[in-house]
Amino acid sequence: MEKVRRAVNEIAYARNPRKLCRLHRSLIPLLSIASSLYKLALSLRHSLYRHGFFPVHRLPVAVVSVGNLSWGGNGKTPMVEFIARWLCHFGISPLILSRGYAGGDEVNMLRRHLLWTPTKFGVGANRAAVASQFIQRYGYVDTRESSWYRKQQLGHELNVSVDSENIGAVVLDDAMQHWSLWRDLDIVMVNGLTLWGNLQLLPLGPLREPLTALKRADAVVIHHADLVSENILKDIESTIRGIKESIPLFFSKMDPTYLFEVGNTNANIPLTALHKATILCVSAIGSAESFVKKIQKMGACYVDRVDFSDHHAFHVKDIELIRAKLKELEGKFGSKPIVVITEKDYDRDPEILKQLYPFKTFVVCSTLMVMSYKGSTEDSFKNFLKDHLRLKFPAEN
């Protein structure tokens, strides 16, 4: 199955299909048929929602959707965390709703990051039903009538504390195509490195919907903007504005902050631990290229990589493959290489990674940052969120 996923990924992002190997080219007719069927099903489903045959549920609190048009690596989950933290900062208790795909590695990471906040997590394919269960259990609060709103009206300073278990907002992770829940704000993430591949729908290409679906978006965030040239950013902006001219555009990146070693999440190791080291990047994420590029900027003497498909669960045979690569690097450079993985890979199965001992395995921890570029800033993005959701709280300090 892993080989099939790799083949499909190579086809989806091939710049020139003629340069694909014969086996991969032989798959294109079959994938084309499947893609046509997917397009038909997608169109039918969208039509049924549009004409009211399928219900669209409304929640009694503000709802933010963070999604994308293509498969993984677009920064959806880091953006969900960014928005959840922003809400918590102003005393709003968010509920994050996720489908929990592939064992819930993304939800596990979010739980760990947001452990000491009032954030709640609902996991399940029927997110409307999950949301209803949480609202019945914890209740909800009208953000315009809560205690922090009254403090604003009285001109008091807001203390950054949470005094209510009531849910004040819902953040949908990966919900661009989840039409059964009404949302007040639709944010679409775009991977600036990989973009939309061959512009074909699944499974021939990486697109879940045609690019024209951007018309439904309220804002687009170009992720990994720091890793692409200004000319490419201009081309991306031109494509997006050709579909929806007035759409607000923002730009984001992932900033590595520290490392921790597998088996010891409490020890913050500085990034300088990778200086002049031999590194093997191991990942099963949607955008391995961005991960490797970040590690290459940390001063290692040599960086190699082993990539798996997004959400791939590591097995014993994978560990054996990684260990073989590590021994090869050790023989070549005369010192033990260091394995570096992402948090998402760690949270998928922390135990199996211990089998890489005696080689050190570091997890790189990163934070999403909204970049200052072409007039858009982190502050302007937060103001956009506040204005679009009609939230009433004091301006951020």
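Note that the coordinates shown come from a computational prediction; the quantities given were computed from them, not determined experimentally.
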For atom [atom1] of [X], is the number of surrounding heavy atoms from other residues, nucleotides or ligands below 6.0 Å larger than 12?
X	atom1	result
Tyr357	OH	no
Phe362	CZ	yes
Lys244	NZ	yes
Lys336	NZ	yes

Considering only NZ, NE, NH1 and NH2 on the basic side and carboxylate oxygens on the acidic side, decide whether [X] and [Y] come within less than 4.0 Å.
X	Y	answer
Asp174	Arg208	yes
Arg323	Glu320	no
Arg183	Asp186	yes
Glu2	Arg6	yes
Lys294	Asp226	yes

Between atom CD of Glu378 and atom CG of Leu368, what is the distance when rounded to the nearest 0.5 Å?
-> 9.0 Å
Considering only heavy atoms from C-beta outward, does the side chain of [X] approach that of [Y] to under 4.5 Å?
X	Y	value
Leu20	Ile28	yes
Glu165	Ser93	no
Leu172	Val66	no
Leu110	Asp173	yes
Val221	Phe381	yes
Lys120	Tyr138	yes
Glu261	Thr361	no
Arg112	Asp347	yes

Under 6.0 Å between ring centres, would you say that holds for [X] and [Y]?
X	Y	value
Phe384	Phe250	yes
Phe333	Tyr302	yes
Phe260	Tyr346	yes

Under 3.5 Å, is there a donor-acceptor pair linking the side chains of [X] and [Y]?
X	Y	result
Thr194	Asn191	yes
Asn383	Ser380	no
Asp105	His311	yes
Asp255	Ser366	no
His178	Ser180	yes
His312	Asp318	yes
Ser35	Ser32	no

Residues Glu289, Arg305; criterion salt bridge (charged side-chain N to carboxylate O under 4.0 Å, His left out); working and verdict | CA-CA 10 Å; Glu289 192 65 28; Arg305 61 196 286 180; 3.0 Å; yes
For a quick test of reading the model, state the closest non-hydrogen atom pair linking [X] to [Y] and the distance between them.
X	Y	result
Leu87	Ala169	CD1-CB, 3.8 Å
Tyr38	Leu207	CE2-O, 4.3 Å
Gly122	Val130	CA-CG1, 3.6 Å
Ile338	Ala273	CD1-O, 4.2 Å
Ala300	Ala277	CB-O, 3.3 Å

Parallel, tilted or perpendicular: which describes the rings of His46 and Trp179, with under 30° parallel and over 60° perpendicular?
-> perpendicular
Using the six-membered ring wherever Trp is involved, compare the ring planes of Trp86 and Phe90 and label them parallel, tilted or perpendicular (cut-offs 30° and 60°).
-> perpendicular
Trace of the salt bridge (charged side-chain N to carboxylate O under 4.0 Å, His left out) decision for Glu328 with Lys325 = CA-CA 5 Å; Glu328 177 189 322; Lys325 188 67 178 178; 3.6 Å; yes
If only atom types and distance count, is the side chain of His275 paired as donor or acceptor with the main-chain N or O of Met298 below 3.5 Å?
-> yes
Where the side chain of Arg241 meets the backbone of Ile236, is there a donor-acceptor pair that is under 3.5 Å apart?
-> no
Trace of the salt bridge (charged side-chain N to carboxylate O under 4.0 Å, His left out) decision for Lys76 with Glu106 | CA-CA 10 Å; Lys76 298 183 300 296; Glu106 292 157 343; 5.5 Å; no
Lys39: what forms a salt bridge (charged side-chain N to carboxylate O under 4.0 Å, His left out) with it, not counting sequence neighbours?
-> none
Are Val282 and Leu356 linked, directly or through other ILVMFWY residues, by side chains that come within less than 4.5 angstrom of each other?
-> yes
Test salt bridge (Lys or Arg N to Asp or Glu O under 4.0 Å), reference Asp310, set Arg5, Lys344, Arg348, output is Lys344
List the steps, then state whether side-chain contact (heavy atoms from CB on, under 4.5 Å) holds for Leu233 with Asn231.
-> CA-CA 5 Å; Leu233 288 177; Asn231 286 336; over 6 Å; no
